[in-house]
Amino acid sequence: MDAKSIRRTFLEFFQSKQHAIVPSAPLVIKNDPTLMFTNAGMNQFKDYFLGNKAAEDARVADTQKCLRVSGKHNDLEEVGIDTYHHTMFEMLGNWSFGDYFKKEAIEWGWELLTEVYKLPKDRLYVTVFEGDEGDGTELDQEAIDIWKGLIDEDRIIPANKKDNFWEMGETGPCGPCSEIHIDLRNDEERAKVDGLGLVNEDHPLVVEIWNLVFMQFNRKADGSLVSLPNKHIDTGMGFERLCMAIQQKESNYDTDVFQPMIQFLAAKSGKEYGKDEKIDIAIRVISDHIRAISFAIADGQLPSNNKAGYVIRRILRRAVRYGYTFLDFNKPFMYELVDILSDQFEETFPEVISQKDFIKKVVMQEEAAFLRTLDKGLAILQKAMDAASDKTIVGKEAFTLYDTFGFPLDLTQLIASENGFSVDTAGFDVAMQEQKDRARAASASEKGDWIDVNDGDSVEFLGYDALESDASILRYREVTEKKKTIIQLVLDQTPFYAESGGQVGDKGILVSGEETIAIFDTKKENDLIIHFANKLPSNPSAPVVAKVDASRRSLTENNHSATHLLHAALQEVLGDHVAQKGSLVNEKHLRFDFSHFQKVETEEIEKIEKIVNQRIRQNIQLNEQRNVPIEDAKAMGATALFGEKYGDFVRVITFDSDYSVELCGGTHVPATGKIGLFKITAESSVAAGVRRIEAITADAAEEYVDEQITLLQEIKELLKAKDPKKAVADLVEAKAALSKEVETLRNKELQAVKNELASKAVAKDGFNFIAAKVSVANAQGLKQLAYDLKAVVENMFLILAADVDGKPQVAVMIDEELVKAKDLHAGKIVKELAKEIKGGGGGQPFFATAGGKDINGLDAVVEKAQELLA
Ligand code: ATP
Ligand code: MG
């Protein structure tokens, strides 16, 4: 069975058991501070488990893109070294939200594996949770009893909390689980060693394929477990591992999921896969990593220098260095794999094919950039080796390579060992720890548990229709960040818009009796709307009135609607390839990032601005449609964003159905005329293939234009000219001519001074001594004067006390031969003389200068100099 049929069969099987098939959530998580990337199928359903939200379907199945490279689940170090852990993988899953529980989950799982996929029963083992004293949980006898009806009892293995109690993160939904493992060794090996003892022992051919989690607890911040309101089923099966099992392979990479890429890499590098372990690992790593990178980019996460973006960049660099070191690729190569990938996922994850060119561009530029620092890093590494005393590279140096040049420690170690060196890894760890401590100190944030105040589950957003409403506080918690404690509040209903889709969260007030509490921000966490305040009302259970800062909201709306008009204008002027890559909309301005491969030219900017302003003047009425079935919205041609998670029902914002139709949850103007005026203030590049436009609207735009006009007016007045452009051009020309003239005059003057000084030289003790006070235009002039004198006066000993454009300076110059013969040092002399002008300085033995603060001391300098001579 090929991979596509295996995936389809899974979904059809659960469809036949009344499961709704839902799309994968994006790989990159936007509204959850506890998680950067989706790491399990259940992430998108977290709120259902916690009871924050009611599930639309009680039974659901899907294939979910997962990434396990950070946080609680991090498999990065294994990837490619072993044959069954990936960075990005598909997790096939079926769920019950308070519907069926252990019996159906176990029986259906078994039916699918053994009867539909026909995996041999004598190769399968199952584990069950043995209980944990610390948590106060017990042996899962219920699961054992169900399994007994399906599989030999000696194939049921009790296992501990580490393996059989599933947790998404440090806090959140969790529960005991039961895993299904398969023994893929050949018969000979199986006869020699019983598979039973190899389960959960990291054997590459005795691996876990499916985990059935029985969600029944919530892990709180203090580490304790509380029961969830309902019991749920959450299962996750590694798609690539399932393919290996069904296709009877010994490695995920031998399945048709990876083979096309493996073959490509082998052919391109001219190396054979399966001959040399080092080369094999490199090929596996690359064919794995390109998947994580491509899907992350498709979901809107570009490689960058922090957070999720840095994770992606690191993965990319790891792959590039494997290619560089083991496959001799010294030019970008990974981007070529994107073609293969996008074809492969055309049916399941079309986001890769529709953004193929963009992904390729980003990957190629990232590769090229790292290949540049790779060289530099290698040079630095060479220097570190040259400087190493005992054939050990200093840990700090290795850390610099890691931190500044993106060199993973293992690359530094590898190159070092090729040259007979080793790396002080303890020192590296110390430097790393220091950096981590700094980072932790900077971002330390502590969240208390939610404290329930009033009953109620649902949270209703009223802010599309109202800016003020009655409400009651459902719950609150304290959050401490950077030593400051704030209160986060959840209301049963609220007009406050929570930051999302680029639009900032509302500010405003809560009125509770006599008391007024300022709300300084509103954010989303999953689907909760969280209000940020500095204090809690004295009676939190009393009713409140929630009021949004209306004028700020109104200005923000202008900018949000303008963003839609801009998006459509960009597509009209630049082309259909323009896709939104990010945006920020607040009361002051708007920022819009989009895919486009070159600078937006001035004429294009003008065109875009013109279109938007025309649309504004047409005063197009807002057409806001809520709860539109997603399919209908797509049929309307609505622009959706990649990497954004949309439900089955969406909100559609239209400004003229032939112009701008977007899926959007933000707030908008009732008609475009309210925007007033739109002005682009900047155009720039933010990343490979991504441009940014910044703009302002309404009052801000008017002010901006007024300022520009005033400025021009003032310039005209200053110039006293009707044609300021010509006047400025004339001025520039005149200034250049004047500068030239001044220069000539200065030179002449300097020549005259020089001649005079030269004629006054006094011969004594083999020197021709000159000490004088002079006045020059700048420091360069003083130096010039000294050197000019040197050219005409032999055996010179020169001391100049200079007024340099109002500031005192001293210069001392002594003939080089005499410096040597008489062991003199101009630097020392100038230091002594500079005391008279309250300054200091130094220089070479034959020439030195000093600056000072007291211009009145110049005469004293000359006097002191005369004393030197006496
Ligand atoms: P393992 O112990 O093998 O790392 P796990 O206990 O971390 O697995 P779960 O968190 O239970 O795995 O995830 C459910 C399923 O997802 C696993 O049974 C496995 O088939 C698959 N899976 C987990 N991690 C990976 C990975 N890094 N790459 C590919 N598949 C994976
Ligand atoms: Mg794991």
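Order of listing sets the numbers, starting from 1, for every ligand and every atom in it.
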Review point. Looking at residues at least two apart in the chain, or sitting in another chain, which of them share a salt bridge (Lys or Arg N to Asp or Glu O under 4.0 Å) with Glu189?
Key: Lys192
Check your understanding: Can you check whether Gly98's main-chain N or O pairs, donor with acceptor, with His232's side chain at less than 3.5 Å?
Key -> yes
Check your understanding: Within the distance-only criterion (no hydrogens, no angle test), does the side chain of Asp343 pair as donor or acceptor with the backbone N or O of Glu346 below 3.5 angstrom?
Key -> no
Exercise for review: Of the side chain and backbone of Trp166, name the one, both, or neither that has a heavy atom under 4.0 Å from an atom of ligand 1.
Suggested key: side chain
Practice item. Would you kindly specify which portion of Asp75 sits under 4.0 Å from ligand 1, judged on non-hydrogen atoms: side chain, backbone, both or neither? Key: side chain
Please indicate whether any nitrogen or oxygen in [X] is less than 3.5 Å from any nitrogen or oxygen in ligand 1.
X	answer
His85	yes
Met237	no
Met91	no

Review point. Taking the minimum heavy-atom distance to atom 2 (O) of ligand 1, which of Glu208, Glu78, Arg68, His181 ranks first?
Key: Glu208
Revision key, fill the gap. Nearest non-hydrogen contact to atom 11 (O) of ligand 1 from the set Asn211, Leu212, Asn200 belongs to Asn211
Check your understanding: Is the shortest distance from a heavy atom of Phe239 to ligand 1 less than 4.0 Å?
Key -> no
Practice item. Using a strict cut-off of 4.0 Å, indicate which atoms of ligand 1 neighbour a heavy atom of Tyr84. Key: 28 (N), 29 (C)
For a quick test of your reading: what N or O donor-acceptor pairs under 3.5 Å do the side chains of residues 214-222 make, sequence neighbours left out?
residue : atom : partner : partner atom : Å
Arg219  : NE   : Glu167  : OE1          : 3.1
Arg219  : NH1  : Asp135  : OD1          : 3.0
Arg219  : NH1  : Gly223  : O            : 2.8
Arg219  : NH2  : Asp135  : OD2          : 3.0
Arg219  : NH2  : Glu167  : OE2          : 2.8
Asp222  : OD1  : Ser224  : N            : 2.9
Asp222  : OD1  : Ser224  : OG           : 2.7

Review point. Does the separation of the ring centres of Trp108 and Tyr100 fall below 6.0 angstrom?
Key: yes
**Study point:** Verdict with reasoning, Lys360 to Met364, per side chain to side chain contact (heavy atoms under 4.5 Å, CB included)
**Key:** CA-CA 6 Å; Lys360 282 171 81 171; Met364 190 179 77; over 6 Å; no
Exercise for review: Supply the atom-to-atom distance Arg317 CZ to Glu366 CD, rounded to the nearest 0.5 angstrom.
Suggested key: 6.0 Å
